[in-house]
Structure formats: C-alpha cells, structure tokens
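In what follows, a single structure is set out as structure tokens and then discussed.
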Amino acid sequence: MADTTAGAAADATAWRVTVDRSACLGSGICAALAPEAFRLEDERSRPLREAAGPDEALLDAADSCPAAAITVTEGTEVIGPRP
C-alpha cells in the first residue's frame with residue numbers, strides 16, 4: 001500500500017499563485033523577477049502553475065506588482081503581497 005502522507009504534507013506547504021488579469025497592467029515585472037513562474041500572455045500576466053513550492057521570487061513579484069494583481073496564499077493565509 002502506498003504512503004500518501006508525504007503527498008499530503010507537500011500539498012500543505014504548497015503556495016497558490018493567482019493573477020487578477022482584469023487588474024494586471026502588463027508591466028512584466030513579475031515575469032522579469034520570476035520567469036519560471038510568470039509569463040505575459042495577451043499583454044497580461046499569468047502564472048505558469050497555480051501551485052508552487054515556497055519561493056522568495058514569488059513574494060518579490062507579488063510585492064513589486066504595480067497593480068497588486070498577484071496574490072500568493074499558503075492554505076487560507078495570504079502571504080503575498082507583503083504589507
């Protein structure tokens with residue numbers, strides 16, 4: 001029988017990254033700071049993956065977004081942008 005506790009633990013520490021495309025200005029700062037996580041598509045940013053491991057570059061991108069369009073959450077807690 002497979003041990004699923006490791007998968008559950010990994011899911012618990014995963015960050016969720018979202019971009020409000022209606023608020024996004026398409027500045028490209030996020031793609032420059034975290035090119036492995038964001039791409040400009042149709043002049044707006046989108047995350048390459050919804051779930052990601054903890055990564056300071058994701059928080060930097062959320063902090064630097066001039067439209068505050070990027071949100072990073074861990075479980076139900078919003079961790080980015082930081083105050």
Side-chain angles (χ1 to χ4, degrees):
M1 194 174 268
D3 179 8
T4 59
T5 56
D11 289 345
T13 60
W15 289 2
R16 182 170 182 253
V17 181
T18 58
V19 175
D20 179 347
R21 289 178 53 95
S22 65
C24 178
L25 301 173
S27 71
I29 293 171
C30 57
L33 290 172
E36 68 289 341
F38 298 96
R39 174 183 335 182
L40 289 182
E41 189 173 276
D42 299 325
E43 299 182 6
R44 299 288 185 260
S45 178
R46 75 169 190 83
L48 296 177
R49 293 172 301 284
E50 186 174 302
D55 185 347
E56 187 69 22
L58 296 174
L59 295 177
D60 290 343
D63 293 345
S64 299
C65 178
I70 299 170
T71 303
V72 181
T73 56
E74 183 174 33
T76 58
E77 180 184 358
V78 174
I79 57 174
R82 296 171 277 201

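Both backbone and side-chain heavy atoms feed into the values below; hydrogens, waters and symmetry mates do not. Just so it is clear, the structure is predicted and the values come from calculations on it, not from any experiment.
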> What are the two closest heavy atoms between Pro35 and Leu48, and how far apart are they?
Replying inline: O-CD1, 3.8 Å
>> My understanding is that only residues two or more places apart in sequence, or in another chain, count here; which of them pass side-chain hydrogen bond (donor to acceptor under 3.5 Å, both in side chains) with Arg46?
In response: Glu41
>> Looking at every non-hydrogen atom in both residues, tell me the closest pair between Val17 and Ala52 and how far apart they are.
In response: CG2-CB, 4.5 Å
>> Could you tell me if the side chain of Pro66 sits less than 4.5 Å from the side chain of Ile29, heavy atoms only?
In response: yes
>> Less than 4.5 Å apart, side chain to side chain, heavy atoms only: is that true for Thr18 and Pro47?
In response: no
>> Any carboxylate oxygen within less than 4.0 angstrom of a Lys/Arg side-chain nitrogen, looking at Glu56 and Arg82?
In response: yes
>> I need the Leu40 CG to Cys24 SG distance, nearest 0.5 Å.
In response: 7.0 Å
> What pairs of residues pass the side chain to side chain donor-acceptor pair (under 3.5 Å) test when at least one of them lies in residues 20-35, not counting sequence neighbours?
Replying inline: Asp20-Ser22
>> Do Ile79 and Leu59 have side chains that approach each other closer than 4.5 Å (heavy atoms only, starting at C-beta)?
In response: yes
> Taking C-beta and beyond as the side chain, do Phe38 and Leu58 meet within less than 4.5 Å on heavy atoms?
Replying inline: yes
>> Measuring only between side-chain heavy atoms, which start at C-beta, is Arg44 closer than 4.5 Å to Leu25?
In response: no
> To the nearest 0.5 Å, how far apart are CH2 in Trp15 and CZ in Arg49?
Replying inline: 13.0 Å
> Does the pair Thr71 and Arg16 meet the rule for a side chain to side chain contact (heavy atoms under 4.5 Å, CB included), with working shown?
Replying inline: CA-CA 8 Å; Thr71 303; Arg16 182 170 182 253; over 6 Å; no
> Shortest non-hydrogen contact from Ile70 to Ala61?
Replying inline: CD1-O, 3.7 Å
